[in-house]
J.: 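Pasting a structure here, questions to come.
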There are 2 protein chains.
Amino acid sequence: MTDTLYTIGQMCDEFEVTPRTLRFYEAKELLSPIREGQKRLFTKRDRARLKLILRGKRFGFSLEEIRQLLNLYHIGDQQVTQLARTHEVAQKHLGAMIAKRDELTLAISDLQDQLKWVEDVLANRQSKAAAE
Amino acid sequence: MTDTLYTIGQMCDEFEVTPRTLRFYEAKELLSPIREGQKRLFTKRDRARLKLILRGKRFGFSLEEIRQLLNLYHIGDQQVTQLARTHEVAQKHLGAMIAKRDELTLAISDLQDQLKWVEDVLANRQSKAAAE
DNA sequence: AAGAAAGTTTACGTAAACGTCAAGTGGTTA
DNA sequence: TAACCACTTGACGTTTACGTAAACTTTCTT
């Protein structure tokens, strides 16, 4: 086990977030850095979780939704009696993400069509201008 | 041209939003329903835009980002001199969306792996229980 | 004509996700 | 030891995206 620990400043530099953000996530129980006296020290686990948090945010999930998802990635913590519930939540999220990707694919096609349109108009303007 | 018009109530039923939401979007200049006296009447154009707004929201875009994107879909309004700029903005957004989809695909794989793990644990518990 | 239904503006309230001071602690470098 | 970091805990401020309540007009229904 590499037990490298990170200060709040190092974390901020790496992940491009502010200290306020990390403390906020801790208050919301998304992260749980250990303490050395007053200071927070972030572990490998915190870093993995933060990656997932930021990823989740980019997809429009709320912090509360993310908090539930996070448990999936640290099953060691869970009681076996809650695994079934965890599994259910996971599948729901998976479905949502797949749906989201499909819709995103569609949106991309739409936008590409629009782009073609714009390019055609621009091309026509060019050839017209050349003809004069 | 089908010039079907819709009241605010009809729009709300169809798109599952509240009147407040539609008025808010109008205030933010995302929609521009015409008026019959006091009342708003929503056109085909508004409906198309609303679809795009709601889609954008699902992907975590802010209303302000969406407002910029929306112009891409109503090029008729634009001046030709601004088309090039529009084209540039469009490509930027397209790139972002494609990146987002790729990352989402990756996130889906990750989650699927985790699910397998959970399923394995659950299966083991079953076989163990059966053995006793 | 009376009331219910649907729509309107105005205005204040709210939850989420932080930003921004203020005031203090703990090491360390000049 | 003085000053300077990096870090800490409050506590209040801010933006986004609406919710909600009040007071009113217009339209439909009975």
Side-chain angles (χ1 to χ4, degrees), chain A residues 4-43 45-47 49-71 89 93 96 100 103, chain B residues 4-43 45-47 49-71 93 96 100:
Chain A
T4 335
L5 298 179
Y6 303 79
T7 72
I8 202 170
Q10 292 172 321
M11 294 291 282
C12 292
D13 289 349
E14 255 197 76
F15 293 95
E16 300 191 6
V17 295
T18 68
R20 181 67 180 90
T21 299
L22 294 181
R23 294 188 196 113
F24 183 75
Y25 289 168
E26 184 184 2
K28 293 281 168 174
E29 299 185 339
L30 297 175
L31 299 178
S32 43
I34 57 179
R35 296 301 181 107
E36 186 194 51
Q38 280 273 72
K39 299 189 175 167
R40 291 166 176 82
L41 289 178
F42 295 82
T43 68
R45 181 175 186 271
D46 292 310
R47 295 161 58 77
R49 291 173 74 93
L50 183 51
K51 271 181 202 166
L52 291 169
I53 293 169
L54 298 178
R55 170 192 281 174
K57 291 210 62 185
R58 283 194 291 278
F59 300 142
F61 289 110
S62 74
L63 290 185
E64 177 52 31
E65 288 173 312
I66 291 170
R67 204 180 60 78
Q68 295 183 25
L69 257 175
L70 275 178
N71 295 325
V89 172
H93 272 281
K100 224 167 203 178
E103 201 188 348
Chain B
T4 335
L5 296 178
Y6 303 77
T7 72
I8 202 170
Q10 293 172 320
M11 294 291 283
C12 292
D13 290 349
E14 256 197 76
F15 293 94
E16 301 191 7
V17 294
T18 68
R20 180 70 179 87
T21 300
L22 295 181
R23 295 187 195 113
F24 182 76
Y25 288 168
E26 184 184 2
K28 293 281 168 174
E29 300 187 339
L30 297 175
L31 301 177
S32 43
I34 56 179
R35 296 300 181 108
E36 186 193 51
Q38 279 274 75
K39 297 191 176 166
R40 292 166 175 82
L41 289 178
F42 294 83
T43 68
R45 180 174 187 273
D46 292 310
R47 295 162 57 77
R49 291 174 73 92
L50 182 52
K51 271 181 203 167
L52 291 169
I53 293 168
L54 297 178
R55 171 192 281 175
K57 291 209 62 185
R58 284 195 291 276
F59 299 142
F61 290 110
S62 74
L63 291 186
E64 178 51 30
E65 288 173 311
I66 292 171
R67 204 179 61 79
Q68 297 183 26
L69 259 174
L70 274 178
N71 296 324
H93 271 281
K100 223 168 201 177

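In the text below, chain A, chain B and the rest are named by the order of the sequence lines, each starting its count at 1.
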J.: Judged by atom type as modelled, is there a donor-acceptor pair below 3.5 Å linking the side chain of B/Lys100 to the main-chain atoms of A/Phe59?
T.: no
J.: With sequence neighbours left out, what residues match A/Lys51 under side chain to side chain contact (heavy atoms under 4.5 Å, CB included)?
T.: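 Listed in chain order: A/Phe15.
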J.: Using 0.5 Å steps for rounding, measure from the CZ atom of A/Arg49 to the CG atom of A/Leu69.
T.: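 Answer rounded to 0.5 Å: 11.0 Å.
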J.: Who passes ring pair (Phe, Tyr, Trp, His ring centres under 6.0 Å) against A/Phe61, sequence neighbours left out?
T.: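 Once residues adjacent in sequence are excluded, the partners of A/Phe61 under the ring pair (Phe, Tyr, Trp, His ring centres under 6.0 Å) criterion are A/His93.
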J.: Looking at DNA chain C, which of residues 32-41 of chain B put a heavy atom within less than 4.0 Å of it?
T.: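 Residues of residues 32-41 of chain B under 4.0 Å from DNA chain C: B/Arg35, B/Gln38, B/Lys39, B/Arg40.
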J.: Near DNA chain D, counting only heavy atoms under 4.0 Å, which residues of residues 19-27 of chain B show up?
T.: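 Result for residues 19-27 of chain B: B/Arg20, B/Thr21, B/Phe24, B/Tyr25, sorted by number.
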J.: For A/Thr7, which residues count as a side chain to side chain donor-acceptor pair (under 3.5 Å) partner, sequence neighbours excluded?
T.: none
J.: The criterion is side chain to side chain contact (heavy atoms under 4.5 Å, CB included); which residues satisfy it with B/Lys28, sequence neighbours excluded?
T.: B/Phe24, B/Leu30
J.: Please list, for nucleotides 28-30 of chain D, all pairs of protein and nucleotide N/O atoms separated by less than 3.5 Å.
T.:
none

J.: Which residue pairs pass the salt bridge (Lys or Arg N to Asp or Glu O under 4.0 Å) test when at least one of the two sits in residues 4-24 of chain A, sequence neighbours left out?
T.: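 Listed by first then second residue: A/Glu14-A/Arg47.
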J.: Does any part of the side chain of A/Ile8, heavy atoms only, come nearer than 4.5 Å to the side chain of A/Phe42, both counted from C-beta?
T.: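 They are in contact (side-chain heavy atoms under 4.5 Å apart), so the answer is yes.
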J.: Under the salt bridge (Lys or Arg N to Asp or Glu O under 4.0 Å) definition, can you give me all pairs with a residue in residues 60-69 of chain B, not counting sequence neighbours?
T.: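 Salt bridge (Lys or Arg N to Asp or Glu O under 4.0 Å) check on residues 60-69 of chain B returns B/Glu64-B/Arg67.
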J.: Among residues two or more places apart or on two chains, list those pairs meeting salt bridge (Lys or Arg N to Asp or Glu O under 4.0 Å) that have a residue in residues 29-38 of chain B.
T.: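 Residue pairs with at least one partner in residues 29-38 of chain B: B/Glu26-B/Arg35.
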J.: Taking heavy atoms of chain A and a 4.0 Å limit, find me the 5'-most and 3'-most nucleotide of DNA chain C within that range.
T.: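 So the outermost contacting nucleotides come out as C/dA17 to C/dT20.
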J.: Using a heavy-atom distance cut-off of less than 4.0 Å, which residues of residues 51-60 of chain B contact DNA chain D?
T.: B/Lys57
